[in-house]
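Ligands are counted one by one from 1 in listed order, and the atoms in each one are counted from 1 as well.
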Amino acid sequence: MSKKAILEVDGKRYEFPVLIGTENEIAIDIKALRGVTNGITTLDPGFKNTSSCESAITFLDGEKGILRYRGYSIEELADKSDFLEVAYLLIFGELPTEEQKLKFHRDIQKTSLVDEDIKKILDGFPKSAHPMGVLSALTSALTAFNPKSVNVESEEDMYRAICKILGKFPVLVAWAYRKEEGLPLAYGDNSLGYVENFIKMMFELPNEEYKMNPVVVDALDKLLILHADHEQNCSTSTVRVVGSSHAGLFASISAGISALWGPLHGGANQAVIEMLEAIKEDGGDYQKYIAKAKDKNDPFRLMGFGHRVYKNFDPRANIIKVAAEEVLADLGIDDPVLDIARGLAKEALSDEYFKSRNLYPNVDFYSGIIYRALGIPVPMFTAMFALGRLPGWIAQWKEMRLRKEPISRPRQLYIGETLRPFKSFEER
Ligand code: ACO
């Protein structure tokens, strides 16, 4: 028998269907609420209790620390798959056959050149510009160079648009980095894998051959896989919201990049390293910073700790912690910042304040350490996250459009002034 939820307001009872997901998650379907109650809404700032859509892409259970893409565990994908394959899985729903994967890669490569005029736009930015601002602007600019909107009814059109953004975006990320470093812009090498090619585009110098380090490729591949999707987080919701107005794929992704930029979301990886550096500069006394984080009169928060949905542990953090140790060992890096990170994590994990609030190190606590070891400058960290999240944004945008979701338009509870007469200057 199907379940029902009963709502009683002012003595009137309303019945709503209860939906059950494939992992037995329960949601009260309130689509009819305003209609049947004559205007009542629900209030849920930050959407802490709101499922904004039905989705078949990513499952996560914050209490149990589970993350799965299309049913495959993140642990298995990080161990056995690669980023391109995971991108295909997220976007098209199944792991590709060998042939499908080769074709996908070839089709992405075919679209990877960006219009030379994009370089003029890039030229207009000062070197000091934050790469996330540059990336958001350049991704939006791609719309101007590809003005024909995607016909979402056509599988071929969709496929072409998806390949285009997957081909051009890594070029833009690499160029944002090279601009900041004052390096000539490069296009990489199509004989390489997707991630290898990206690494070459980033780090290749004009006067010497680039030597690929498999440990670096593997660590970056893992990092990108771990960041590839995370259901309805802030930037993904932004992509879906913007796309729901039928704005194009590039414009929607550009908005997602802006949402990811903030320190409470993707910007946390940058904030973590800046915090660890500041602790080091301040003498390395991390206990002092634990105390600051606990002090309610101090706005300081321990960056890289806590998560809106993971309340036991972040499974991505467990994988990335091991990868970070491996990379540092392989590259022979003895980083004092890592010792501070280890100390902070150990201390916080046994502290009552953090334990009682379920605050654990999240993926960003460790990802910045790897990026730093790879020689990626701090402001580029969030851009690396964006590269990883791209397949998730695409998959969620595609799902939203194919399910013909309505335009996102929340309601509000108005708490402002009621009607009042206009005041002249003399009366104000
Ligand atoms: N340091 C110290 N205290 C914290 C922290 C932290 N990092 N995070 C949460 N708290 C405390 C809050 O002060 C609050 O305490 P109270 O109940 O005494 O008032 C309690 O824990 C709950 O915090 P909320 O902000 O309500 O939790 P929410 O789920 O809204 O926020 C968030 C989650 C934004 C991630 C938060 O934990 C935070 O700011 N963390 C630091 C930034 C960060 O690492 N962000 C990356 C997230 S992962 C990602 O985007 C990939």
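The protein atom (non-hydrogen) at minimum distance from atom 42 (C) of ligand 1 is M303 SD, 3.7 Å. The nearest protein atom to atom 19 (O) of ligand 1, hydrogens excluded, is given as K296 NZ, 3.7 Å; this is a heavy-atom distance. Of the protein's non-hydrogen atoms, R357 CD, 3.8 Å is the one closest to atom 20 (C) of ligand 1.
Between the side chains of W261 and S136, no donor-acceptor pair is found at a separation under 3.5 Å. Side-chain atoms of N362 and D314 form no donor-acceptor pair, as typed in the model, at a separation below 3.5 Å. Using a 3.5 Å distance cut-off with no hydrogens or angles, the side chains of D107 and Y159 do pair a donor with an acceptor. Inspection of the Y210 and D189 side chains reveals no N or O donor paired with an N or O acceptor under 3.5 Å.
An N or O contact shorter than 3.5 Å links R308 to ligand 1 by distance. Taking only nitrogen or oxygen atoms, main chain and side chain alike, G304 reaches within less than 3.5 Å of ligand 1.
By the 4.0 Å N-to-carboxylate-O rule, E155 lies too far from R160 to be salt-bridged with it. Here D44 does not pair with K48 in a salt bridge; the nearest charged N to carboxylate O distance is not below 4.0 Å. Taking the charged nitrogens against the carboxylate oxygens, K280 and E277 do have a contact shorter than 4.0 Å, which makes a salt bridge. Salt bridge present: D351 and K294 bring a charged side-chain N and a carboxylate O closer than 4.0 Å.
Set against the non-hydrogen atoms of F385, the atoms of ligand 1 under 4.0 Å away are 51 (C). Atoms of ligand 1 found under 4.0 Å from any heavy atom of K48, numbered from 1 in the order shown, are 26 (O), 30 (O). Shown in contact with Y353 at under 4.0 Å from a heavy atom are these atoms of ligand 1, numbered in order with element: 2 (C), 3 (N), 4 (C), 11 (C), 13 (O). Atoms of ligand 1 found under 4.0 Å from any heavy atom of A268, numbered from 1 in the order shown, are 43 (C), 44 (O), 45 (N), 46 (C). With ligand atoms numbered from 1 in the order given, ligand 1 contributes 35 (C), 37 (O) to contacts under 4.0 Å with heavy atoms of G306. Within the listing of ligand 1, atoms 39 (O), 45 (N), 46 (C), 47 (C) sit less than 4.0 angstrom from a heavy atom of L264.
Across the listed options H265, H307, R301, R301 owns the non-hydrogen atom lying nearest to atom 34 (C) of ligand 1. The residue from L302, D364, N362, L359 that puts a heavy atom closest to atom 1 (N) of ligand 1 is L302. When F365, F300, F305 are checked for heavy-atom proximity to atom 40 (N) of ligand 1, F305 turns out nearest.
T143 places a side-chain N or O within donor-acceptor distance of the main-chain N or O of S140, the cut-off being under 3.5 Å.
Protein heavy atoms are absent from the 4.0 Å sphere centred on atom 22 (C) of ligand 1.
Not close to ligand 1: K294, with no non-hydrogen atom less than 4.0 angstrom away.
Residue pairs meeting the side chain to side chain donor-acceptor pair (under 3.5 Å) criterion with at least one member in residues 59-72, sequence neighbours excluded, are E23-R68. Identified under the side chain to side chain donor-acceptor pair (under 3.5 Å) test for residues 161-184, with sequence neighbours left out: N146-K164.
For K311, every heavy-atom contact with ligand 1 shorter than 4.0 Å involves the side chain, none the backbone.
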